[in-house]
Amino acid sequence: EKGGYPDFMLKEIHEQPRVVRDTLVGRLSPSGEIDIDELGLSLEELNDVDRVYVIACGTSYHAGLIAKNLIEAWARIPCEVEAASEFRYRDPIITPSTLVVAVSQSGETADTLAAIRDARIKGAKVFGITNVVGSPVARESDGVIYTKANKEIAVASTKSFIGQVVSLTLLAMLLGQVKYRLTTNQVRMLFRELGDTAEQIQHIMDTQGPAVHEAALACKDARSALFVGRGMGAAISCEGALKLKEVSYLHAEAYAAGEMKHGPIALIDQGFPVVAIATKSPTYEKTVSNLKECEARGAVIIAIATEGDEEIGKLADHVIWVPKVRDAFSAITATVPLQLLAREVAVLRGCDVDKPRNLAKSVTVE
Ligand code: M6R
């Protein structure tokens, strides 16, 4: 059942190249348009959208953080990401031009469902992204994309996250296209590069096992770890920290790297693990300078870095390499080593990786 893997989490991490491929099947029309006809919205209605809220919980919320960067960059409309448990109890600004995107692997998270109902009553169009066919999120939204993760058994979400990020990336491309911000040629190029991430994920899994193991040994006996990055890297850090917390019970916190000196750097002393998303991006140099500050205070730096980057090789104690991708797709590749790291730390600490204590796969109570 586990296909030869020791646990479902590892099996599901290894399914991610397939998830990327399956999610993209049929999504680019021969004339170069992104095709999401299950959206339930006409192109005119989509063109009218002037604000997007992504509402979700946990890992699905982190997929929303990635999407915000892409929607704002490509469609130039404001996008807010909100925990469903907050959204439903506030009075968010909703008009008929508001698109609410509800993201839920299980499709039955109580807070996400309540937020969908509330948003529809207030007049928003609601689009669901879920992994479970016919789930309440699918039934109660105006339109739905099914992520092609297939059943996810490990409580910690991995392949579903990748399915969500790829689906949200398609949605961001579609919005960019209907808003005339992305040309057909740009969309074709982005689509091709998005597809390439399947092989890039495979490459990471094939080559980085020993590096992940070394990094995990450095975290195993720590009391706490910080995950840092900027831009996309800040969003990726949130998912890395959550994964580590849930499966290894090691306290972890994500921080935008530029915020370190406003407080969290006080935590750093000899041997404190800092996991950095330090891939080549527009803010790479800034992240490196934050890491130097951590290093000077004795931190053990574990960097997720772009292959061929010699500078980071000198600075970090451990490097897990990922192939070069455009910043927009960095979440897809850089999250994979963080999933592997969390699992490896959990195994070293003797935790039940598939069934962490106190957690349930579906959170159907508030
Ligand atoms: O089924 P959902 O995507 O709505 O679930 C949301 C969260 O409960 C879920 O992502 C949770 O954080 C996972 N344990 C993450 O690994």
Side-chain angles (χ1 to χ4, degrees), residues 7-13 15-16 19 53-67 81-88 100-117 119 126-141 144-168 227 235-250 252-254 331 335-336 338-343 345-346 351-366:
D7 46 75
F8 283 107
M9 185 175 179
L10 191 60
K11 173 176 182 273
E12 290 168 355
I13 290 171
E15 284 174 52
Q16 294 180 119
V19 176
Y53 285 107
V54 182
I55 51 171
C57 305
T59 285
S60 303
Y61 169 83
H62 296 152
L65 297 179
I66 311 290
V81 190
E82 215 167 316
S85 56
E86 290 293 315
F87 183 89
R88 60 177 293 200
V100 168
V101 182
V103 187
S104 173
Q105 184 285 128
S106 63
E108 56 182 15
T109 297
D111 282 322
T112 308
L113 262 180
I116 290 175
R117 290 176 188 147
V126 178
F127 185 55
I129 297 185
T130 180
N131 196 36
V132 179
V133 175
S135 59
V137 164
R139 289 200 310 268
E140 299 205 22
S141 301
V144 62
I145 296 190
Y146 288 112
T147 46
K148 301 287 174 11
N150 298 346
K151 190 168 174 53
E152 191 175 62
I153 293 175
V155 166
S157 184
T158 54
K159 60 175 181 169
S160 293
F161 174 77
I162 292 297
Q164 291 166 347
V165 171
V166 175
S167 302
L168 286 160
F227 285 68
I236 299 164
S237 301
C238 294
E239 179 55 10
L242 176 64
K243 218 81 306 172
L244 187 65
K245 275 186 275 222
E246 6 180 35
V247 298
S248 78
Y249 315 144
L250 182 63
E253 203 175 336
T335 303
V336 177
L338 300 180
Q339 298 168 339
L340 292 168
L341 177 66
R343 177 195 166 273
V345 175
C351 303
D352 180 348
V353 284
D354 286 340
K355 290 200 189 70
R357 67 186 180 205
N358 307 341
L359 296 177
K361 187 67 184 160
S362 293
V363 183
T364 52
V365 290
E366 297 182 2

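Order of listing sets the numbers, starting from 1, for every ligand and every atom in it.
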Near Q105 (heavy-atom distance under 4.0 Å), the atoms of ligand 1 are 1 (O), 2 (P), 3 (O), 4 (O)
Handout entry: Test item: D354 side-chain N/O and M9 main-chain N/O as donor-acceptor pair under 3.5 Å
Key = yes
Only one of K361, K159, K11 passes salt bridge (Lys or Arg N to Asp or Glu O under 4.0 Å) with E152, and that residue is K361
Q) Purely on distance, is any nitrogen or oxygen of K361 under 3.5 Å from one on ligand 1? A) no
So NZ of K243 and OG1 of T335: to nearest 0.5 Å the spacing works out to 9.5 Å
Numbered in order shown, the ligand 1 atoms found under 4.0 Å of a heavy atom of K243 are 15 (C), 16 (O)
* Asked: Looking only at heavy atoms of S362, does any of them come nearer than 4.0 Å to an atom of ligand 1?
  -> no
In this structure, atom 6 (C) of ligand 1 is nearest to the protein heavy atom C57 O, 3.3 Å
- Task: Using a 4.5 Å cut-off on heavy atoms from C-beta on, say whether the side chain of V166 contacts that of V19.
- Result: no
Numbered in order shown, the ligand 1 atoms found under 4.0 Å of a heavy atom of E246 are 13 (C), 14 (N), 15 (C), 16 (O)
Per-atom filter on ligand 1: closer than 4.0 angstrom to a heavy atom of V155 are 13 (C), 14 (N), 16 (O)
All heavy atoms of V247 vs all of V353, minimum pair found to be CG1-O, 3.7 Å
Here the atoms of ligand 1 under 4.0 Å from any heavy atom belonging to S60 are 2 (P), 3 (O), 10 (O)
Near A156 (heavy-atom distance under 4.0 Å), the atoms of ligand 1 are 16 (O)
Residues passing the side-chain hydrogen bond (donor to acceptor under 3.5 Å, both in side chains) test with Q164, sequence neighbours excluded, are S60
With sequence neighbours left out, the residues meeting side chain to side chain contact (heavy atoms under 4.5 Å, CB included) with A252 are F227, A241, L244, K245
The protein heavy atom nearest to atom 11 (C) of ligand 1 is T59 N, 4.2 Å
Interatomic distance, CD@E108 vs OG1@T112, rounded to 0.5 Å, equals 11.0 Å
among protein heavy atoms, the one nearest atom 4 (O) of ligand 1 is T109 OG1, 2.4 Å
The protein heavy atom nearest to atom 8 (O) of ligand 1 is V363 CG2, 3.9 Å
Exercise. Would L359 count as a contact of ligand 1 if the rule is a heavy atom under 4.0 Å away?
Worked result: no
Distance col, row H62:NE2 vs C57:SG, nearest 0.5 angstrom, shows 10.5 Å
